[in-house]
Amino acid sequence: MWVVLGLVAAGALASAVAGLLWARRHLLLVSVVGRSMEPTLRAGDRVLARRVPLDRVRAGDVVVVRAPEAMTAGRPGRPDEGPGLLIKRAHAVPGDPVPVRRVPLLRQGAGGAVPAGRLVVLGDNPPFSYDSRECGYIPEPDVLGVVIRPRLGR
């Protein structure tokens, strides 16, 4: 009987470890820093994001992206600056019209559509947001996931 219980416990432990590994590979838990996404998200909120490729991101999704190098390379602190990650709203995805009115920086390379492998992101609170208006397109490797569960608490 003890052998059976030991095997059951070992199986349960293996399942738990496999579940944790799956979650770590597919999900991100991120804390909001700053005011760039107010009123949607506030500083201290935590969000759960699912890791997805760029082709699964839709305009309007709240996304987690790796901060552009210009922001992390000694740039003066910004209210929404976190530990290398930004939470923003996807404003335009590959194939969408380039939003040159909202993001004048993109005017210089505007070929009519957002290029493949690029994303335009904006904060919901523009005066406090470092986003595509300053850094341009976000490249595909820096798109980490889409928020699936906002405001998990503080």
Side-chain angles (χ1 to χ4, degrees), residues 15-154:
S15 293
V17 169
L20 288 173
L21 290 173
W22 179 90
R24 184 162 173 82
R25 191 173 304 137
H26 293 87
L27 302 173
L28 291 165
L29 182 61
V30 182
S31 293
V32 176
V33 176
R35 302 175 58 189
S36 71
M37 286 300 291
E38 288 180 353
T40 308
L41 299 169
R42 300 191 183 285
D45 287 347
R46 293 185 314 164
V47 300
L48 186 63
R50 181 180 333 125
R51 293 179 189 266
V52 298
L54 179 57
D55 64 357
R56 303 252 331 259
V57 176
R58 302 290 173 249
D61 286 347
V62 176
V63 296
V64 178
V65 299
R66 195 171 289 115
E69 192 170 320
M71 183 178 182
T72 57
R75 186 168 167 60
R78 298 285 307 218
D80 62 348
E81 189 169 340
L85 300 179
L86 301 175
I87 300 173
K88 304 293 176 191
R89 189 167 307 277
H91 187 71
V93 298
D96 285 353
V98 174
V100 292
R101 285 189 138 159
R102 300 266 329 253
V103 189
L105 175 68
L106 302 179
R107 185 179 319 274
Q108 61 201 13
V114 174
R118 300 284 186 254
L119 183 67
V120 177
V121 297
L122 296 173
D124 287 357
N125 189 2
F128 293 95
S129 183
Y130 180 84
D131 51 38
S132 290
R133 291 171 300 139
E134 284 95 11
C135 68
Y137 295 113
I138 301 294
E140 184 169 11
D142 291 345
V143 178
L144 301 178
V146 173
V147 172
I148 57 173
R149 184 93 188 261
R151 292 197 175 171
L152 292 173
R154 295 177 185 245

What I'd like to find out is whether the side chain of [X] reaches to under 4.5 Å of the side chain of [Y], using heavy atoms alone.
{"X": "Leu48", "Y": "Leu28", "value": "no"}
{"X": "Arg56", "Y": "Val146", "value": "no"}
{"X": "Leu27", "Y": "Ile148", "value": "yes"}
{"X": "Val120", "Y": "Ser132", "value": "yes"}

Requested in this report: Apply side chain to side chain contact (heavy atoms under 4.5 Å, CB included) to the pair Arg42 and Arg35, showing each step before the final yes or no.
Outcome: CA-CA 6 Å; Arg42 300 191 183 285; Arg35 302 175 58 189; over 6 Å; no
I need the [X] [atom1] to [Y] [atom2] distance, nearest 0.5 Å.
{"X": "Leu119", "Y": "Lys88", "atom1": "CG", "atom2": "NZ", "answer": "12.5 Å"}
{"X": "Arg46", "Y": "Leu29", "atom1": "CZ", "atom2": "CG", "answer": "5.0 Å"}
{"X": "Leu86", "Y": "Asp131", "atom1": "CG", "atom2": "CG", "answer": "9.0 Å"}

Report summary line: Heavy-atom nearest pair, Ile138 first then Pro68, reads CD1-CG, 4.2 Å
Query - Residue pair Ala90 / Val57: nearest heavy atoms and the distance that separates them - result: CB-CG1, 3.9 Å
Requested in this report: Dump the intermediate steps for side chain to side chain contact (heavy atoms under 4.5 Å, CB included) on Tyr130 and Cys135, then the final yes or no.
Outcome: CA-CA 8 Å; Tyr130 180 84; Cys135 68; 3.5 Å; yes
Query raised in the report: Does the side chain to side chain contact (heavy atoms under 4.5 Å, CB included) test come out yes or no for Leu122 and Arg133, once each step is laid out?
Result: CA-CA 7 Å; Leu122 296 173; Arg133 291 171 300 139; 3.8 Å; yes
Query raised in the report: Taking Ser129 for the side chain and Gly123 for the main chain, is one N or O donor matched with an acceptor at less than 3.5 Å?
Result: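 Yes; judged by distance alone, with no hydrogens or angles, the pair exists.
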**Report entry** Listed partners of Arg118 passing side chain to side chain donor-acceptor pair (under 3.5 Å), at least two apart
**Finding:** none
Can you give the donor-acceptor pairs under 3.5 Å from side chains of residues 59-67 to other protein atoms, not counting sequence neighbours?
unit_1 : atom_1 : unit_2 : atom_2 : d
Asp61  : OD2    : Arg58  : N      : 2.9
Arg66  : NH1    : Pro141 : O      : 3.0
Arg66  : NH1    : Asp142 : OD1    : 3.1

**Report entry** side chain to side chain contact (heavy atoms under 4.5 Å, CB included) involving Asp124 - partner list, sequence neighbours excluded
**Finding:**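 Partners of Asp124 by the side chain to side chain contact (heavy atoms under 4.5 Å, CB included) criterion, ordered by chain and then number, come out as Met37, Thr40, Arg89.
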Distance-only criterion, 3.5 Å: show the donor-acceptor pairs between side-chain atoms of residues 92-104 and protein atoms not counting sequence neighbours.
unit_1 : atom_1 : unit_2 : atom_2 : d
Asp96  : OD2    : Val93  : N      : 3.0

